[in-house]
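Let me begin by presenting the structure, written as C-alpha cells, before commenting on it.
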Amino acid sequence: MTLVAGLTGGIASGKSTVSRMLVARGATLVDADQVARDVVQPGTAGLAAVAATFGPGVLQADGSLNRAALGALVFADPDQLRALEQLLHPRIRATIAQQVDAARRASAPVVVLDAALLVEMGLHAQCDVVCVVHCGADLQRSRLMARNGMTADEAQQRLAAQTDDATRLSHADHAIDNRGTVQELALKVDTLWQRLMQEVG
Ligand code: ATP
C-alpha cells in the first residue's frame with residue numbers, strides 16, 4: 001500500500017524544509033509547485049490555452065510564459081484570476097494524479113504531496129492524511145524577509161493574501177509546529193515519519 005500524505009502550510013512556514021526531510025527518510029515527493037510550472041512549459045496544451053485566453057502579451061519572444069505579464073493581469077482582476085485557475089487547476093490536478101499513480105505502481109510506501117494550495121484546490125480530499133506545517137505569522141514574516149529579502153510590508157501583504165492557519169489546521173491529521181530550531185523540526189519529522197510508516201502498516 002502507498003500512503004498519500006498531503007503537506008501544506010502558509011508561506012515560509014517550512015513546507016519545503018519538511019518535505020526535504022521526509023524525502024531524506026524515504027518518501028517520494030510530488031511537488032505541486034513544480035507541476036504548476038510544468039503544465040505551462042513551452043509546447044504544452046496548458047500554455048497554448050493560456051495564450052489563447054489572455055493574448056500573446058503573456059508570452060515572451062521565445063514563446064515561453066511571461067509570468068510577470070500574466071501575474072500583472074490576473075492579480076489586478078479576480079475574474080481573470082478565476083479564469084486562469086479554471087484553465088490550469090484541472091491540468092495540475094490531472095498531472096498530480098498521474099505522478100501519484102506512478103508512485104503507487106512503483107510501490108512507494110509514502111508519497112508526500114507538497115502543495116501550498118492543498119486545501120484551497122481540494123487536493124486534501126485525495127490524500128490519506130493531511131500534514132500542516134505552521135509557525136505563526138510573526139515567524140513567517142521574519143523568515144520570508146530573511147529568505148526573499150522582502151520588507152516587512154511586502155511580507156505582510158503576501159501573508160494577508162493567504163488562507164489562515166486555522167482553516168488549514170482544521171483539515172490536519174498531523175500538525176507540525178515549526179516555531180523551534182531546524183534541529184527540533186528534524187526530531188518532529190522523525191516522529192511524523194514513524195507515524196506515517198505505522199499507517200502504511
Ligand atoms: P514557501 O511557501 O514560500 O514555498 P515554505 O513553506 O516551503 O515556503 P521553507 O522554504 O521550507 O518554507 O522555509 C522558509 C524559510 O525559513 C527558509 O529560508 C528556511 O530555510 C527557513 N526555515 C525553515 N524552518 C526553519 C526553522 N525552524 N528555523 C529557522 N529557519 C527556518
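Order of listing sets the numbers, starting from 1, for every ligand and every atom in it. Just the heavy atoms: all of them, side chains too, but no hydrogens, waters or symmetry mates, feed the values below.
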Does at least one non-hydrogen atom of G10 fall below 4.0 angstrom from an atom of ligand 1? yes
Looking at ligand 1, does G9 have a heavy atom less than 4.0 Å from it? no
Minimum-distance pair of heavy atoms, taken over all atoms of L123 and A115: CD1-CB, 4.2 Å
I need the minimum non-hydrogen distance between P42 and L47, along with the two atoms involved. CA-CD2, 3.7 Å
Calculate, to the nearest 0.5 Å, the distance between atoms CG and OG1 belonging to L169 and T163 respectively. 11.5 Å
The reported gap from CG in L22 to CG in D190 (rounded to nearest 0.5 angstrom) is 9.5 Å
Element-labelled atoms of ligand 1 that are located less than 4.0 Å from some non-hydrogen atom of [X]:
| X | result |
| --- | --- |
| T181 | 27 (N) |
| G180 | 26 (C), 27 (N), 28 (N) |
| I11 | 2 (O), 3 (O) |
| N178 | 23 (C), 24 (N), 25 (C), 26 (C), 27 (N) |
| V182 | 25 (C), 26 (C), 27 (N), 28 (N) |

Tell me the protein heavy atom at minimum distance from [atom], and give that distance in Å.
| atom | value |
| --- | --- |
| atom 11 (O) of ligand 1 | T17 OG1, 2.6 Å |
| atom 2 (O) of ligand 1 | K15 NZ, 2.7 Å |
| atom 7 (O) of ligand 1 | S16 OG, 2.5 Å |

Check: [X] N/O within less than 3.5 Å of ligand 1 N/O:
| X | value |
| --- | --- |
| D33 | no |
| R20 | no |
| G14 | yes |

With heavy-atom distances below 4.5 Å as the criterion, would you say the side chains of V110 and T2 are in contact? no
For the residue pair V30 and V112, establish whether any side-chain heavy-atom pair is separated by less than 4.5 Å. no
Test side-chain hydrogen bond (donor to acceptor under 3.5 Å, both in side chains) applied to R37 and Q34, step by step: CA-CA 5 Å; R37 286 191 291 273; Q34 184 59 50; 2.9 Å; yes
Out of Q183, M21, R147, whose heavy atom sits nearest atom 15 (C) of ligand 1? R147
Which of the listed options, R143, Q162, M145, holds the heavy atom that is closest to atom 26 (C) of ligand 1? R143
Derivation and outcome, side-chain hydrogen bond (donor to acceptor under 3.5 Å, both in side chains), residues E199 and H174: CA-CA 12 Å; E199 296 193 46; H174 301 284; 3.1 Å; yes
Taking salt bridge (Lys or Arg N to Asp or Glu O under 4.0 Å) as the test, write out the residues that go with D138, two or more places apart. R141
Report the C-alpha separation of D153 and T151 in whole Å, then their side-chain angles, then the decisive distance to 0.1 Å, and conclude whether the side-chain hydrogen bond (donor to acceptor under 3.5 Å, both in side chains) test is met. CA-CA 5 Å; D153 280 352; T151 64; 5.5 Å; no
